[in-house]
Amino acid sequence: MPYQVLYRKYRPKTFLEVVGQDHIVKTLKNAIDNDKISHAYLFCGPRGTGKTTIAKLFAKALNCLSSEDRPCGECPNCQAMNEGSFPDVIELDAASNNSVEDIRNIVENASYRPLQGRYKVYILDEVHMLSGSAANALLKTLEEPPAHVIFILATTDPQKIIPTILSRCQRYNFSKVSDTDMKRRLEEILKKEGLEYEAPSLDIICDLADGCVRDALSYLDEALAYSEGLKTSELIEMFGLLTLDKKMSLIKDIKAHRLDDALVEVRDLYRKGIDIKALTQDLIKIFKDLLIYKETGSIDLLSVLDKKRAQEIATLYDTHSILSSIDILLSALDAYRKGQDVLSSFEVVIFKLANIKEEAEIKISKTTVFDEEIEIERPKKKEDIELDLDELVLTKEELLSVLKTASKEEKNKDLFIYEDLRELSFDPKKRKYFSLLKDTEIFADNKDMIILFTYSNEALVHQINDKMNNQELYYFLNDEFGIDKMVYAINKEVRDDIARSFRHIDDYDLNGIVIERYPKKEGKKDLEAKLKEVFGDVEVMED
Ligand SMILES: [Zn+2]
């Protein structure tokens, strides 16, 4: 037997086999059972949601000879329709038969009695494609239809149908098939075909199909042509999909302001044929999960993220930033719809996402409130900062001298701080350092100093450089991580400036610059030594 595509092979032969559209199926079945038949139906909805399938089933049910459960699929009429040889169901695609002559033919024909069944059923697909005069010709028959004629009009675009036709029809709105219904159908088919499948592969197909059964089965066909059974890894490769980890790393790059990396990645994906629109939708799903996780702490309610991933990025965002991210992504979808260039729209999205301010920052810059954890007043004007705040201020020369002796090795040695940061957020005594460090990255690192960079958070620069905070941070890094280095924060402006100056570093006199550390704290060890010095060999009691 020649291979039959799944969509045809598993086209529902009874109402029971229809995927989704439960309420429509139920209403139509009732109409059949109670013999309350209207003369014109309009099925509206996105492509692949079952409009023609249900239209055909309904046509079949109208002519089925069985006394119950129509269409039975067994009686001579049902069988003739299965084979496409039933004379009284006439299917027409209005996209290709849209002239007034085509419709006049139908109208003329409609007046003859059915040859074999009870009703003559006309299924007109894509009915919004009819020309104006053709639509008017149809309207006449719809107004006074012969008793034996039933029209089922289907359309993806009901707004293009003239109101006089709309008002003659009983209208049904088809919706996209839910992933749950779709998955159930895919599982049934795979079982009937005796094929193995990995559960996540069904999610992938549902995602790709976006509520369209026909597409889902085509993807399934394609995947099965590639190998026996469904393997997640193969699907990812075949359909040029982005794995969740790739999307996560894109989000992390954007959040950490590694925008050059993010842009290179996205352009590369675009070249490889990744659907940027689908990527945008996927990112919305991730942010939605993140929001749910942040607000409810529930893992069960998440649709794409697992616990590990949710926790991983939840620390990077506050609720306000997540909501702003979703807004930005939604308006990008809108921009694509309006025909704007997808790649460049998405590139703009990257910058917008990277520059979202956290709610705390907005409050600080707008109202000069105290940060509850850090308690440093954020003055409004730059002059005020210099007057009011006791901040560590490094000269350009000092910064350049650090830059000159900075090395990748020093930086890599210190990077582990960030890995341990999240733990700190749970410790009330150390949360402050988590807040100070979490939105920074190491810009330059030598044996004396770590220069931290923060892109969008201006307040944070001042908080880190505030002398009291700065000193505490110094002791903290020393105690917690054994790092004996001063810390200094810079914003984008300063970073760009010293990066520019670094190119002409020979123009600067960097001789004799020493980065001084804060005086050593009297640690327990020092205290012990002092006691020994004074009292001789004593045992220090632990408290
Ligand atoms: Zn039948």
Side-chain angles (χ1 to χ4, degrees), residues 3-13 16-22 24-25 45-54 156 174-248 250 269-270 272-289 299-306 309 329 333 336 342:
Y3 183 76
Q4 208 182 1
V5 294
L6 294 172
Y7 178 63
R8 292 198 187 287
K9 188 168 175 184
Y10 289 99
R11 179 163 235 167
K13 294 189 176 64
L16 266 178
E17 292 168 359
V18 173
V19 191
Q21 320 303 351
D22 297 350
I24 295 175
V25 169
R47 53 182 287 276
T49 48
K51 298 184 298 296
T52 21
T53 301
I54 290 177
T156 48
F174 285 61
S175 48
K176 284 186 180 179
V177 175
S178 75
D179 284 0
T180 320
D181 287 342
M182 188 85 86
K183 249 190 252 179
R184 201 182 305 132
R185 183 66 175 154
L186 291 173
E187 277 174 331
E188 267 169 33
I189 290 175
L190 285 160
K191 275 182 192 144
K192 279 188 187 153
E193 294 283 312
L195 294 164
E196 300 280 318
Y197 60 93
E198 294 172 355
S201 59
L202 297 183
D203 292 316
I204 293 179
I205 291 186
C206 288
D207 264 6
L208 286 167
D210 189 27
C212 173
V213 182
R214 186 165 53 224
D215 284 357
L217 297 187
S218 312
Y219 287 123
L220 193 56
D221 260 327
E222 223 175 302
L224 295 176
Y226 190 78
S227 73
E228 279 279 299
L230 280 187
K231 291 202 187 67
T232 312
S233 58
E234 284 174 0
L235 284 180
I236 288 172
E237 197 182 320
M238 277 183 72
F239 297 115
L241 300 174
L242 268 187
T243 60
L244 186 53
D245 285 327
K246 269 249 162 100
K247 290 172 216 160
M248 292 275 292
L250 182 63
L269 293 172
Y270 185 72
K272 286 180 185 160
I274 292 287
D275 181 354
I276 298 289
K277 205 178 121 200
L279 171 62
T280 311
Q281 279 160 339
D282 289 352
L283 293 180
I284 292 174
K285 283 185 197 159
I286 291 178
F287 278 112
K288 201 186 85 195
D289 269 7
I299 296 296
D300 300 336
L301 296 171
L302 308 186
S303 59
V304 278
L305 294 180
D306 53 25
R309 291 190 175 98
L329 290 162
L333 287 180
Y336 307 153
V342 172

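No experiment lies behind these values; they were computed from the predicted model shown. Heavy-atom basis, side chains included; hydrogens, waters and symmetry copies ignored. Heads up: numbering here begins at 1 and tracks the sequence.
- Annotation: side chain of T53 is not in contact with side chain of V213 (no heavy-atom distance under 4.5 Å).
- Between the side chain of E193 and the main chain of I189, no donor-acceptor pair closer than 3.5 Å is present.
- For the pair E196 (side chain) and L230 (backbone), a donor-acceptor distance under 3.5 Å is absent.
- Taking the side chain as every heavy atom from C-beta outward, V304 and D282 never approach each other to under 4.5 Å.
- Separation of atoms NZ (K13) and CZ (R11) is listed at 9.5 Å; rounding is to 0.5 Å.
- E234 contributes no side-chain N or O that, together with a main-chain N or O of A223, makes up a donor-acceptor pair within less than 3.5 Å.
- Atom CD1 in I24 sits 6.5 Å away from atom OG in S175 (nearest 0.5 Å).
- Taken from OH in Y219 to CG in L6, the straight-line distance is 14.5 Å, to the nearest 0.5 Å.
- Rounded to the nearest 0.5 Å, atoms CD (E222) and CG (D215) are 10.5 Å apart.
- Within the 4.5 Å cutoff, no side-chain heavy atoms of S218 are placed close to those of V5.
- At least one side-chain heavy atom of Y10 sits under 4.5 Å from a side-chain heavy atom of K192.
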Start with the C-alpha distance between R8 and L217, add both sets of side-chain angles, then the distance that settles side-chain contact (heavy atoms from CB on, under 4.5 Å), and finish with yes or no.
-> CA-CA 9 Å; R8 292 198 187 287; L217 297 187; over 6 Å; no
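- Contact check for Q21 versus D181: no side-chain heavy atoms found under the 4.5 Å cut-off.
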Run the salt bridge (Lys or Arg N to Asp or Glu O under 4.0 Å) check on R184 and E187 step by step: do they pass?
-> CA-CA 5 Å; R184 201 182 305 132; E187 277 174 331; over 6 Å; no
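- A donor-acceptor pair is defined here as one N or O able to donate and one able to accept, closer than 3.5 Å; no such pair exists between the side chain of D289 and the backbone of L302.
- Looking at L190 and L220, their side chains come closer than 4.5 Å, going by heavy atoms from C-beta outward.
- Contact annotation: the side chain of L250 approaches that of L279 to within less than 4.5 Å [non-hydrogen atoms, C-beta and beyond].
- Side-chain contact between L186 and Y197 is absent, with no heavy-atom pair separated by less than 4.5 Å.
- Checking side-chain atoms of K176 against main-chain N and O of P46 turns up no donor-acceptor pair under 3.5 Å.
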Show the atom names and distances, to 0.1 Å, of all donor-acceptor pairs under 3.5 Å that link a side chain in residues 199-209 to residues at least two apart or in another chain.
| unit_1 | atom_1 | unit_2 | atom_2 | d |
| --- | --- | --- | --- | --- |
| S201 | OG | E198 | O | 2.3 |
| D203 | OD1 | K183 | NZ | 2.6 |
| D207 | OD1 | K285 | NZ | 3.4 |

